[in-house]
Protein chains: 2
Amino acid sequence: MPTLEEIAKLSGVSRSTVSRVINNDPHVSDPTYKKVMAVVREFNYQPNIAARSLASGHTRVLGLVIPTGVSKLFTDPYFQILIQGVSSACNAHDYSVMLWLAEPEYERRMIKKILNNGLVDGVVVSSMVVDDVIVEALVESELPFMLIGRHPTVTDVNYVDVDNVASAKEIVTHLLRLGYTRVATITGPLNAISGVDRYEGYIEALSSRGIKIDTGLIVEGDFSEEGGYYAMRRLLSQSPQAVFVASDPMAMGAMRALHEAGLSIPEDVALVGFDDIPASARSNPPLTTIRQPVHMLGSVAVKTLIDLIEHPVADLHHIILPTQLVIRESCGVDLIS
Amino acid sequence: MPTLEEIAKLSGVSRSTVSRVINNDPHVSDPTYKKVMAVVREFNYQPNIAARSLASGHTRVLGLVIPTGVSKLFTDPYFQILIQGVSSACNAHDYSVMLWLAEPEYERRMIKKILNNGLVDGVVVSSMVVDDVIVEALVESELPFMLIGRHPTVTDVNYVDVDNVASAKEIVTHLLRLGYTRVATITGPLNAISGVDRYEGYIEALSSRGIKIDTGLIVEGDFSEEGGYYAMRRLLSQSPQAVFVASDPMAMGAMRALHEAGLSIPEDVALVGFDDIPASARSNPPLTTIRQPVHMLGSVAVKTLIDLIEHPVADLHHIILPTQLVIRESCGVDLIS
DNA sequence: CCCGCGATTGGGAGCGCTCCCAAAACCTCG
DNA sequence: CGAGGTTTTGGGAGCGCTCCCAATCGCGGG
């Protein structure tokens, strides 16, 4: 592995000039540029990142933090797609991504490591949990960061999110419009902001149609298939006409419970989800759900973060990405008309 | 963020002594150690990684390369669990992980970046495809690396894998022992080594029982749910008694095709898979499959790699992890006894 | 033909750490 | 009490790059 200095010698110019060439500094004459580039290519020269970082103070590396204490949740395709979105946006901008799956036992130590080690120029945090310590730590540090999913209490930070409340309201309203009146919900964990927001949307949808809330029809889940399954079983005795399940993996579990109980969807119970994971299009029956642009959440977070790093500004970014109601068969058809 | 030098001044010792303290060098007297540590903690000092890397030549960062040209495949829980295994082993050893999802269009450029940028001390590669360029490139570079999954042609490299041939043979043999004779297979992509190996195991199982191979019963899939679905549909006309599906996601697809065709499992067609993804325990019926220790594949790869980095030795590591036949309901019960 | 100015180029001074060697401090024991 | 050894400690010399400033080059106009 040659060094800058060697490339300089080899091409008969100074260290500085080579540095200019590899950094696309315009203050280089065309012949010099070509001469140096030829040598660079010939020796397949790659600048040493550590040296560059030390000298320049930045690394072109972003951290991606997924505080999934619950490894069960990490099986959710959501994270996979998110990682993909982050990764591809980083590639496109010539950044690398450092992945931190924050296991709870390491969390404290880890946060310090993340913030202080100078390894990353910024971090993307997939925030989920309400009392997340990392966000405060991030605020204290001066490291640029983007949250994926808004934070419940700290609002003066940058984030990208979907409108969970409105989207949940939309899909529940769809159910109501189809004529169902006894609509239950399996919520997400209520210590997760998206869990709370989707629940909120459910409440709003019912309320705005003057339907009073029946707490018997509300069961808290945990976003997992298993959680959906058990929640649905508990709901069975209440014989709801329709159920808004706050995540597709839970909806899969709910379907399983329903099938086991010999009930058919949507004839006996209509079901809708939230997320539109790949499996939802292929379930039996295909699931009506809200499509989140998960990949885009990741890539937008990265793009915004990079912009923030390279052109620091004071103003806050609160980006809301659109969702889409995807109507399939699990919600049944209009009962009224 | 204080520097080493500042901590040294603050604690009244030299730069070198502080360096020794933070690196746990035994050549430090106890009082000095305590004195320095107090200051380190008080100022929450974290050594600058870039500087440390530049000076020491290593980074305590491992690269994880997943050359999933096919993003479809990345939805497979396999990778998620693999990433988790790698990540947690890294955490445990105080290493960080740099994630590279190698999208095909970036591949060439990326490989160079990975190998030369000096950002990582070693890489773990989830190798899948037969004609993978990265492995050769890795061999040329002097970077330590571990493959997850053996390479079809390059054998003098370190890898950790399961015995796909033997495991496939085991599960197909199980099918044969149950009394099925007309056993089909939906293979993985045959440009993936695991696809080939599992197919091989299928052939061996039949052959060793003197059953001659019927090419009509062999359909190539691609490890995805979709692929399994379409492959099963093609297989339907051959009316197999049982099918060995080379991956669980494909088995899910095959089940879907079977259900659609109104056939029941295992009464009309028995089905077995390979992988034991979480969903397999909950499918209808639960899937008989081979359990791979995916998490462990990741963590063993990391541990071995770290050992390789820290204690370089010449000898090759070819680690084979055990699999387990998990019998559930999809394979039916003994037809003979 | 010389001055002045913009476009190029060169070189010094670090960035914050590790590593090595030598100096200092401390023991042990004859 | 001092030689000789063993710990500890200190400081210089980089690691390979960027950044800044000064030096050089080239060229048009007076």
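In what follows, chains carry the letters A, B, and so on, assigned in the order in which the sequence lines appear, proteins first and then strands, with residues in each chain numbered from 1. Keep in mind it's a predicted model, so treat the numbers as computed, not measured.
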For [X] and [N], what is the distance between atoms [atom1] and [atom2] respectively, to the nearest whole Å?
| X | N | atom1 | atom2 | answer |
| --- | --- | --- | --- | --- |
| Arg52(A) | dG16(C) | CZ | C1' | 18 Å |
| Asn48(A) | dG16(D) | CG | C1' | 6 Å |
| Lys35(A) | dT9(C) | NZ | C1' | 10 Å |
| Ile49(B) | dC15(D) | CD1 | C1' | 16 Å |
| Leu54(A) | dG16(D) | CG | C1' | 9 Å |

(message) Looking at every non-hydrogen atom in both residues, tell me the closest pair between Thr59(B) and Gly118(B) and how far apart they are.
(response) CG2-O, 3.5 Å
(request) Indicate the atoms forming the closest heavy-atom contact of Val61(B) with Leu119(B), along with that distance. (result) CB-O, 3.5 Å
Among residues at least two apart in sequence or on other chains, which ones pass side chain to side chain contact (heavy atoms under 4.5 Å, CB included) with [X]?
| X | value |
| --- | --- |
| Ala55(A) | none |
| Pro2(A) | Glu6(A), Ile7(A), Phe43(A), Tyr45(A) |
| Leu64(A) | Ile66(A), Ile83(A), Val86(A), Val97(A), Leu99(A), Val124(A) |
| Lys303(B) | His93(B), Ser299(B) |

(message) Give me each pair satisfying salt bridge (Lys or Arg N to Asp or Glu O under 4.0 Å) with a member in residues 35-50 of chain B, each pair once, sequence neighbours excluded.
(response) none
(request) Among residues two or more places apart or on two chains, list those pairs meeting salt bridge (Lys or Arg N to Asp or Glu O under 4.0 Å) that have a residue in residues 12-32 of chain B. (result) Glu5(B)-Arg15(B), Asp30(B)-Lys34(B)
(message) Can you list, in residue-number order, the parts of residues 22-31 of chain A that come under 4.0 Å of DNA chain D, counting heavy atoms only?
(response) Asn23(A)
(message) Under 4.0 Å, heavy atom to any atom of DNA chain D: which of residues 4-11 of chain B qualify?
(response) none
(message) Among residues at least two apart in sequence or on other chains, which ones pass ring-ring contact (aromatic ring centres under 6.0 Å, His included) with Tyr159(A)?
(response) His318(A)
(request) Describe, as an angle rounded to 10 degrees, how the axis at the first end of the helix from dC1(C)-dG30(D) to dG30(C)-dC1(D) is tilted relative to the axis at the last end, five pairs per end. (result) 50°
(request) Indicate whether any N or O donor in one side chain lies under 3.5 Å from an N or O acceptor in the other, for Ser14(A) and Thr17(A). (result) yes
(message) We want to know whether Asn23(B) and Arg52(B) form a side-chain donor-acceptor pair, criterion being a heavy-atom distance below 3.5 angstrom.
(response) yes
Compare side-chain N and O positions of [X] against OP1 and OP2 of [N] and report whether any pair is under 4.0 Å apart.
| X | N | answer |
| --- | --- | --- |
| Tyr45(B) | dC17(C) | yes |
| Thr32(B) | dT9(D) | yes |
| Thr3(A) | dG16(D) | no |

Can you tabulate the close N/O pairs, meaning under 3.5 Å, that link protein atoms to atoms of nucleotides 19-24 of chain D?
none

(request) Would you please name every residue forming a salt bridge (Lys or Arg N to Asp or Glu O under 4.0 Å) with Glu310(B), sequence neighbours left out? (result) Arg60(B)
(message) In the structure I gave you, are the side-chain heavy atoms of Thr32(B) and Val13(B) within less than 4.5 Å of one another anywhere?
(response) yes
